[in-house]
**Student:** 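Attaching a single structure in structure tokens format; questions to follow.
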Amino acid sequence: QVALVESGGRSVEAGDSLRLSCASSGRTAARYAMAWFRQATGKEREFVSAISWGSRDIAYADYVKGRFTNSRDNAQKLLYQQMDSLRPQDTGVYCCGARLGVPSSNRERYKWWGQGTKVTVSS
């Protein structure tokens with residue numbers, strides 16, 4: 001069982017930067033991959049980024065590539081998402097997820113989820 005809690009979301013202006021965090025707790029004998037998904041009002045949850053346990057495999061959606069950066073500290077059980085050059089289209093609730101095995105862009109493959117943190121980007 002793994003519990004996840006996101007933090008760092010707030011209201012910013014276009015072009016600003018934010019750093020989101022996801023803290024994990026609980027006991028598990030296996031290593032797990034993690035990912036970020038976001039959901040705007042009235043839309044389906046969409047993939048943002050994913051990272052493997054050892055950080056060798058990192059993937060980004062095309063619309064955030066070059067602007068967002070994933071990193072993790074397994075000793076502290078923390079996942080980070082640095083977001084630069086934010087756009088109004090980046091507005092939404094950002095959730096982190098975890099799963100056993102390799103990272104995936106399919107939200108149905110993730111077993112554990114946080115409640116999310118709200119990011120609002122104004123023009």
Side-chain angles (χ1 to χ4, degrees):
Q1 181 65 35
V2 178
L4 305 173
V5 180
E6 304 93 338
S7 62
R10 61 183 178 91
S11 296
V12 298
E13 296 181 354
D16 286 351
S17 296
L18 277 178
R19 190 191 194 195
L20 304 182
S21 298
C22 177
S24 61
S25 62
R27 298 193 300 178
T28 178
R31 299 176 174 183
Y32 50 90
M34 301 190 73
W36 289 99
F37 289 80
R38 68 187 184 188
Q39 185 172 22
T41 301
K43 294 188 175 182
E44 293 291 319
R45 184 174 296 182
E46 63 181 4
F47 170 74
V48 177
S49 60
I51 185 170
S52 64
W53 173 263
S55 300
R56 281 180 165 270
D57 185 10
I58 305 175
Y60 301 94
D62 287 341
Y63 34 81
V64 305
K65 193 173 299 181
R67 299 188 298 118
F68 291 10
T69 304
N70 260 359
S71 63
R72 64 190 296 173
D73 183 341
N74 292 335
Q76 299 298 318
K77 297 184 178 181
L78 288 172
L79 170 71
Y80 301 105
Q81 178 76 78
Q82 177 67 39
M83 305 186 295
D84 298 323
S85 301
L86 285 165
R87 306 165 180 171
Q89 304 96 289
D90 295 320
T91 294
V93 176
Y94 284 70
C95 296
C96 64
R99 71 180 300 268
L100 300 177
V102 299
S104 173
S105 61
N106 186 350
R107 61 183 173 87
E108 297 296 328
R109 302 180 75 93
Y110 290 84
K111 184 176 182 179
W112 300 286
W113 291 93
Q115 293 298 305
T117 185
K118 175 68 175 178
V119 173
T120 301
V121 185
S122 61
S123 301

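When a residue number appears, it is its place in the shown sequence, counting from 1. Every heavy atom of this structure was used, including side-chain atoms; hydrogens, water molecules and symmetry mates were not.
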**Student:** Nearest 0.5 Å, please: how far is CZ in Arg45 from OH in Tyr94?
**Tutor:** 12.5 Å

**Student:** Any ion pair linking Glu6 and Lys118 (charged N to carboxylate O, less than 4.0 Å)?
**Tutor:** no

**Student:** When rounded to the nearest 0.5 angstrom, what distance separates CZ in Arg10 from CG in Leu18?
**Tutor:** 5.0 Å

**Student:** Partners of Asp84 by side-chain hydrogen bond (donor to acceptor under 3.5 Å, both in side chains), sequence neighbours excluded?
**Tutor:** Ser17, Gln82

**Student:** Could you give me the CA-CA distance, side-chain angles and deciding distance for Arg107 and Glu44, then say whether side-chain contact (heavy atoms from CB on, under 4.5 Å) is met?
**Tutor:** CA-CA 11 Å; Arg107 61 183 173 87; Glu44 293 291 319; 3.5 Å; yes

**Student:** Can you give me the closest heavy-atom contact between Ala14 and Pro88, atom names plus distance?
**Tutor:** CB-CD, 4.2 Å

**Student:** Please, which pairs that meet ring pair (Phe, Tyr, Trp, His ring centres under 6.0 Å) have at least one residue in residues 33-61, sequence neighbours excluded?
**Tutor:** Tyr32-Trp53, Phe37-Phe47, Phe37-Tyr110, Phe37-Trp113

**Student:** What distance separates Ile58 CD1 from Ile51 CD1, expressed to the nearest 0.5 Å?
**Tutor:** 4.0 Å

**Student:** Side chains of Ser49 and Gln81: donor-acceptor distance under 3.5 Å anywhere?
**Tutor:** yes

**Student:** Please test Met83 against Arg19 for side-chain contact (heavy atoms from CB on, under 4.5 Å), starting from the C-alpha separation and ending with a verdict.
**Tutor:** CA-CA 6 Å; Met83 305 186 295; Arg19 190 191 194 195; over 6 Å; no

**Student:** Hydrogens and angles aside, do Asn74 and Arg72 bring a side-chain donor and acceptor to less than 3.5 Å of each other?
**Tutor:** yes

**Student:** What do the steps show when you test Val48 against Asn70 for side-chain contact (heavy atoms from CB on, under 4.5 Å), and what is the final call?
**Tutor:** CA-CA 10 Å; Val48 177; Asn70 260 359; over 6 Å; no

**Student:** With no hydrogens and no angle check, is any side-chain donor or acceptor of Thr91 less than 3.5 Å from a backbone partner on Thr120?
**Tutor:** no

**Student:** So, taking the atom named CD in Gln1 and the one named OG in Ser25, what distance separates them when rounded to the nearest 0.5 Å?
**Tutor:** 9.0 Å

**Student:** Does Tyr63 share a hydrophobic cluster with Phe68, counting links as ILVMFWY side-chain heavy atoms below 4.5 Å and allowing steps through other members?
**Tutor:** yes

**Student:** Given side chains that start at C-beta, do those of Cys95 and Val93 come closer than 4.5 Å, heavy atoms only?
**Tutor:** yes

**Student:** Would you say Val12 and Leu86 make side-chain contact, with heavy atoms under 4.5 Å?
**Tutor:** yes

**Student:** Please round to the nearest 0.5 Å and tell me the distance separating atom OG1 of Thr69 and atom OH of Tyr80.
**Tutor:** 14.5 Å

**Student:** If you round to the nearest 0.5 Å, how far is NZ of Lys77 from CG of Leu79?
**Tutor:** 14.0 Å

**Student:** Got a sec: does the CZ of Arg109 have more than 12 other heavy atoms crowding it under 6.0 Å?
**Tutor:** no

**Student:** For the pair Asp90 and Arg87, find out whether any cationic side-chain nitrogen is under 4.0 Å from an anionic carboxylate oxygen.
**Tutor:** no

**Student:** Check whether Leu100 and Leu4 end up in the same hydrophobic cluster, where Ile, Leu, Val, Met, Phe, Trp and Tyr are linked by side-chain heavy atoms less than 4.5 Å apart.
**Tutor:** yes

**Student:** Taking all atoms of both residues into account, what is the closest heavy-atom pair of Thr117 and Gly8, and its distance?
**Tutor:** OG1-N, 4.0 Å

**Student:** Start with the C-alpha gap between Cys22 and Met34, add the side-chain angles, then the distance that decides, and say whether side-chain contact (heavy atoms from CB on, under 4.5 Å) holds.
**Tutor:** CA-CA 10 Å; Cys22 177; Met34 301 190 73; 3.9 Å; yes

**Student:** Between Arg67 and Ser85, is there a donor-acceptor pair closer than 3.5 Å when you use the side chain of the first and the backbone of the second?
**Tutor:** yes

